[in-house]
Amino acid sequence: MAVATEGVTTQALTLPEELVLMLLNEENGYFLQVPGWQLNCAVMGAVLAELSLLSRIDTDLESLYLVDATDTGDPALDPVLEEIANEPVRRNAQYWVERLAHRAESVIDLTLDRLVKLRILEYHHGDFWTVAGTVWHTELYGDTEESTAGQFIKTRIGRAIFTDTIPDPRDVIVICLVNTCDAFRFIFQLDAAAEERIGFICKMDLIGRSIAAAVLHNVAVPLLRRSRLTKHIPRVALRKLLVNRHVRSGNLPALFADLAREYGPVYQIRPPFGKRMIFIAGTEANQWVNRHGRMYLRARDYFADFEKVYGASGVLPSLDGADHFRLRKALAPAYSRRRLVDQMDQLLHFGRKHMGVEWKVGDTVSATRLSRRMINSQISPMLVSVESQDIFDDMSKYKERALNVHITGALPEFMLKTPGMKRRAKAVDTLLGRVQSVHTPAQRAGCPRNLADDLLSLNASDPQFVPESNLRFALSAALIASVYLGDAFSFAVYAMASRPDDYARIRGEADELFGNGDPKGEDFTPEAMDFTHRFLMECLRMYPIVPVSMRTVMNSCVVEGYELPVGETILIAQTATHYMDDVFADPFTFDVGRYLAPRHEHRGPGYAPYGLGTHRCLGFRWMELQLAVNVLMVAHYFTVEIAPANFRFRFNPFPSMKPSKKLKFRIAEQVRELPV
């Protein structure tokens, strides 16, 4: 199918590209419910069929043979062509589908990348794809038509199935491959006549028949092989765990990196009198979670008891599949960098207002308290339009206690029901009442839209999707973001205060930005804050806030040769790679140069401070900008020192990573006056 849009050269889509577009489910941003091996076989069948149509190979029911070894120029096709050309013995299509199935993932990656470049697909963070709204033009059956590329293909295939039109040979192959995936039932409403027609079409083309037969023969192969290929998951000796130096310092990412180095990418820890914990760690494990986690792992189990504390069910962190993707899309604007850029004047105003009241020269303050309250002074009015500093401490302590009870399991359940915790729980209702009292149409008229507006609008338009019972959690979670971002801010201030040369370079960038008055949101470009940005990337590498993610195995799977059983709780140590020297050279050294060319050590799944896959932090772009602006403001207006001066850095790792309670900041100097 040839397609073109304004400013783009006419392109003919390949069979792998058409297959991907047929199987893409826009509701959940990924493929239809096709088993992974079956999808791999179908994709390689499409590659072989495309090579046949390009007259590079030919095939019949008995064998597949080389016709022309000349490269096609397509990086998804040429490695397969080369492998066939180098095979000394003539094989059949079934053999090649099985042998090449391991290449399917790279073919899918290349195919998705090309479809994004052609503006047929749009990529969303977390490895989601949707069909772009760009209007494409095509010559189909002699007529010029306009639609999206995905609609073209499905319309074309639908015509072949539901009319007596003689299908094009390419359409026959696509129908054969989609049929082997048993995916037509997700695309069209089929009756007996349509199913009979599909069966008839699949017999019309010899290439399609032979490849479809090979795919169908191989769909059961992984089930037959898995039990023979999987390895025993090694068990970490408790003695090794207890004597590890990173246990004493609270550095969980470095601990998990040490264990992966000794035991491999999958290992188990069996605490006394407790259930075993299976960890996966390493770049390959991270890559697997990014690509395949949504098909094998779910989040709702570990989060269910925690969300019930707030009277909620089905909030964003606990959703999976289509509902999760839909809610992410709906809330994405509220957490976007663009929205923060548009409200930069508010961010600067609230931040300087707080520093003007709370930051006094000579004061020594807890690093955690100073940082969290600084961030909340901005987050609260900007995301939910209310002040909440008076209840913020109660909300954050209640949330941390709930996490330690229901997520980490570090505390018994009665610890959440003490008189003090019951009192702090009321702060959540206080917040909800404040938000609802100011979010009326009259009071919000002319105000910039924020997260509370989006949540209340979703509740009003679809109360089943976002019920009122979930607002208590969702609105308080906006403020709890101040805890995570505040702790990241405390790590950054600590790193800056302990490195005077870096402090000076950040101050230099800040003075350039603020030298002629307040910068606009668009002024905070990568070039304007190059050193600051790389400095913060290194802070997030060395001091990640959430080092581990918990999931439940919903479909049995194999990771790095180890089978993860259904129902097992898996801990994904995504930041263990931050302390692996094959990913980050000399990982215990603070080095902002590692993010410059040619090193670019952060590129790839080894850098994962925001999580992985579908549950990657939705607001990480907002977080990056707000963190950078606050660090620049601190450097521009104040000199901050570490107290005590001889402080030896340690982590407080539960329920999330933050500096030790002993770390304090001393406001040593106010460099210049804060604007009124």
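Numbers for residues simply follow the sequence, beginning at 1. As a basis for the values below, the full set of heavy atoms in this structure was taken, side chains included, without hydrogen atoms, waters or symmetry mates.
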Please confirm whether the ring centroid of [X] lies under 6.0 Å from the ring centroid of [Y].
X	Y	result
Phe306	Tyr310	yes
Trp622	Tyr335	no
Phe303	His615	no
Tyr494	Phe491	no
Tyr263	Phe256	no

message: Asn630 vs Gln378, test: side-chain hydrogen bond (donor to acceptor under 3.5 Å, both in side chains). Steps then yes/no.
response: CA-CA 10 Å; Asn630 278 288; Gln378 302 163 325; 2.9 Å; yes

Exercise: identify the closest heavy-atom pair between [X] and [Y]:
X	Y	answer
Ser656	Ile545	CB-O, 3.5 Å
Ala495	Phe590	CB-CE1, 4.0 Å
Thr283	Gly606	CG2-CA, 4.1 Å
Met374	Phe489	CG-CE2, 3.7 Å
Ala334	Arg339	CA-NH1, 3.3 Å
Met537	His602	CE-CD2, 3.4 Å

Short question: side chain of [X], backbone of [Y] - any donor-acceptor pair under 3.5 Å?
X	Y	value
Ser476	Arg472	yes
Gln389	Arg373	yes
Ser371	Thr368	no
Asn286	Gln574	yes
Lys275	Pro271	no
Ser380	Ser377	no
Asn470	Ser313	yes
Ser336	Pro333	yes
Gln268	Phe279	no
His439	Val435	yes

- request: Quick one: do Arg434 and Asp429 satisfy salt bridge (Lys or Arg N to Asp or Glu O under 4.0 Å)? Show the steps, please.
  value: CA-CA 9 Å; Arg434 290 180 184 178; Asp429 294 316; over 6 Å; no

Is it true that [X] and [Y] make a salt bridge, defined as a side-chain N closer than 4.0 Å to a carboxylate O?
X	Y	answer
Asp582	Arg261	no
Arg337	Glu624	no
Asp487	Arg372	yes
Asp320	Arg294	no
Asp393	Arg369	yes

task: Decide yes or no on side chain to side chain contact (heavy atoms under 4.5 Å, CB included) for Asn652 and Met657, but give the supporting numbers first.
output: CA-CA 6 Å; Asn652 181 357; Met657 301 276 280; over 6 Å; no

query: Has Arg541 got its NZ or CZ under 6.0 Å from the middle of the six-membered ring of Phe535, at an angle within 45 degrees of the ring axis?
result: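 Negative - Arg541 is either too far from the ring of Phe535 or too far off its axis.
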
- prompt: Take atom CD in Glu468; do more than 12 heavy atoms of anything else shown fall under 6.0 Å from it?
  reply: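 No, not enclosed.
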
- prompt: For Lys422, does the NZ atom have more than 12 heavy-atom neighbours from other residues, nucleotides or ligands under 6.0 Å away?
  reply: no

- request: Determine, stepwise, if the pair Thr569 / Arg276 fulfils side-chain hydrogen bond (donor to acceptor under 3.5 Å, both in side chains).
  value: CA-CA 9 Å; Thr569 298; Arg276 76 167 177 171; over 6 Å; no

Quick one: [atom1] on [X] to [atom2] on [Y], what's the gap to the nearest 0.5 Å?
X	Y	atom1	atom2	value
Phe651	Lys658	CZ	NZ	11.5 Å
Leu347	Leu625	CG	CG	7.5 Å
Leu259	Lys240	CG	NZ	9.5 Å
Asn450	Leu383	CG	CG	7.0 Å

- request: Keeping to residues at least two apart or across chains, list the salt bridge (charged side-chain N to carboxylate O under 4.0 Å, His left out) pairs with something in residues 295-306.
  value: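 Listed once each, the pairs are Arg298-Asp301.
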
task: Give the intermediate values and the outcome of side chain to side chain contact (heavy atoms under 4.5 Å, CB included) for residues Leu370 and Ile667.
output: CA-CA 11 Å; Leu370 177 144; Ile667 311 300; 4.1 Å; yes

